[in-house]
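Report on the following structure.
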Amino acid sequence: MNVRLRALISFLSVGAIVFALLSFQTLQKEPWRPDQLLNPEELAITINDPQNHQPLILCVGPAATIKNSIDIGAAHDKENLDKLKKKLNTIPKDEDIVLYCGCCPFNKCPNIRPAFELLNKMKFENHKLLNLPHNLKVDWIDHGYPVNN
Amino acid sequence: MKLLLLLLFTLFVSTSFSQIRDLEIGNQAPEIKLTNPEGDTIRLSSFKGKVVLIDFWATWCAPCIAEQSELVALYKKYKHLSFTSGMGFEIFGVSLDNKKDSWLSQIKKKKITWTQVSDLKYWNSPIAKTYNIQALPFNLLIDKNGVIIAKNLHSIELEEKLAEIKID
């Protein structure tokens with residue numbers, strides 16, 4: 001095999017391994033798994049049909065805007081995180097729980113990570129994070145999904 | 001039925017695009033009529049004659065809080081100056097907060113002296129819809145007639161724009 005071709009293949013292989021490792025690290029950085037991100041449309045459909053089994057929806061951001069959600073308060077604040085812990089202590093570990101904030105884009109949100117980490121730590125089994133990558137307005141309100149009055 | 005759906009879709013798309021187009025540079029900024037912390041109703045149009053920065057922010061938005069300190073310095077520097085498009089510079093702070101206490105506390109903490117208004121409705125605020133706000137912080141710079149002259153400028157870019165339109 002041509003030396004140049006061999007060098008190119010080696011270079012591309014190393015590049016692919018580095019890329020895979022970096023991607024894995026990025027995925028590992030978040031406290032939630034990709035399958036724990038809940039599609040907003042799915043939750044909206046569930047809320048809109050009372051016949052469906054309703055999850056416990058907890059707002060860990062500035063305001064409980066989503067219909068039927070419970071206001072915990074911004075989870076970056078220790079006082080609110082304690083409030084969340086207190087609430088969770090009363091709930092079975094296999095309860096379906098949906099967490100959301102929606103104040104800011106995911107990468108800037110100070111609330112979702114401490115809250116989700118707490119649920120992981122408390123060994124909850126069926127908790128999900130509502131996938132609001134932009135914010136609550138863009139990913140929920142603007143779609144006409146149900147909100148609290 | 002298909003025709004009706006197509007018509008509704010076209011209407012929706014054209015309404016959305018027209019709303020976005022309305023906020024382009026050169027267009028009139030939509031009126032804002034909200035209450036200040038004292039409960040008085042304040043209109044954006046009451047600042048006619050001045051260059052005005054409409055600053056959309058909230059106390060739950062970390063980058064907005066960081067920006068308030070920069071705005072305090074900018075306001076002090078440019079407040080009494082004259083511009084090619086207005087006499088004096090004002091900031092019209094529109095908060096998307098939902099808790100009055102947090103809002104008032106940050107105004108005090110950051111020593112904000114410009115006009116602040118809010119309906120305390122968070123992302124549900126109709127003004128967020130009118131101004132098609134996709135993320136915070138968001139701002140518009142308008143001239144003496146309420147015409148948009150710049151959009152979403154922050155930090156050094158905002159100061160450069162003010163320096164550019166200032167009369168020496």
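Predicted, not measured: the structure shown is a model, and the values here were computed from it. Here is how names work: the chains are called A, B, and so on, in the same order as the sequence lines, proteins then strands, and each is numbered from 1.
With respect to chain A, the highest number of heavy-atom pairs below 4.5 Å among B:Asp97, B:Thr59, B:Ile133 belongs to B:Ile133. For the set B:Cys61, B:Ala135, B:Ala128, the count of heavy-atom pairs under 4.5 angstrom toward chain A peaks at B:Ala128.
At a threshold of 4.5 Å between side-chain heavy atoms, the hydrophobic network of Ile, Leu, Val, Met, Phe, Trp and Tyr places B:Ile112 and B:Leu96 in two separate groups.
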Check: Between A:Phe116 and A:Gln36, does a side chain to side chain contact (heavy atoms under 4.5 Å, CB included) hold up when you go through it step by step?
Finding: CA-CA 10 Å; A:Phe116 206 91; A:Gln36 287 179 302; 3.7 Å; yes
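Proximity to chain B is limited to the side chain of A:Ile141, based on heavy atoms less than 4.5 angstrom apart. B:Asn98 touches chain A through its side chain: at least one heavy atom from C-beta onward sits under 4.5 Å away, while N, CA, C and O do not. Heavy atoms of A:Ala74 lying under 4.5 Å from chain B are absent altogether.
Counting non-hydrogen atoms of other residues, nucleotides and ligands closer than 6.0 Å to CG of B:Asp101 gives a total of 12 or fewer.
Not a single donor-acceptor pair under 3.5 Å links the side chain of B:Ser125 to the backbone N or O of B:Tyr122.
A:His143 and A:Tyr145 have parallel rings, their planes meeting at less than 30° on a 0 to 90° scale where 60° marks the start of perpendicular.
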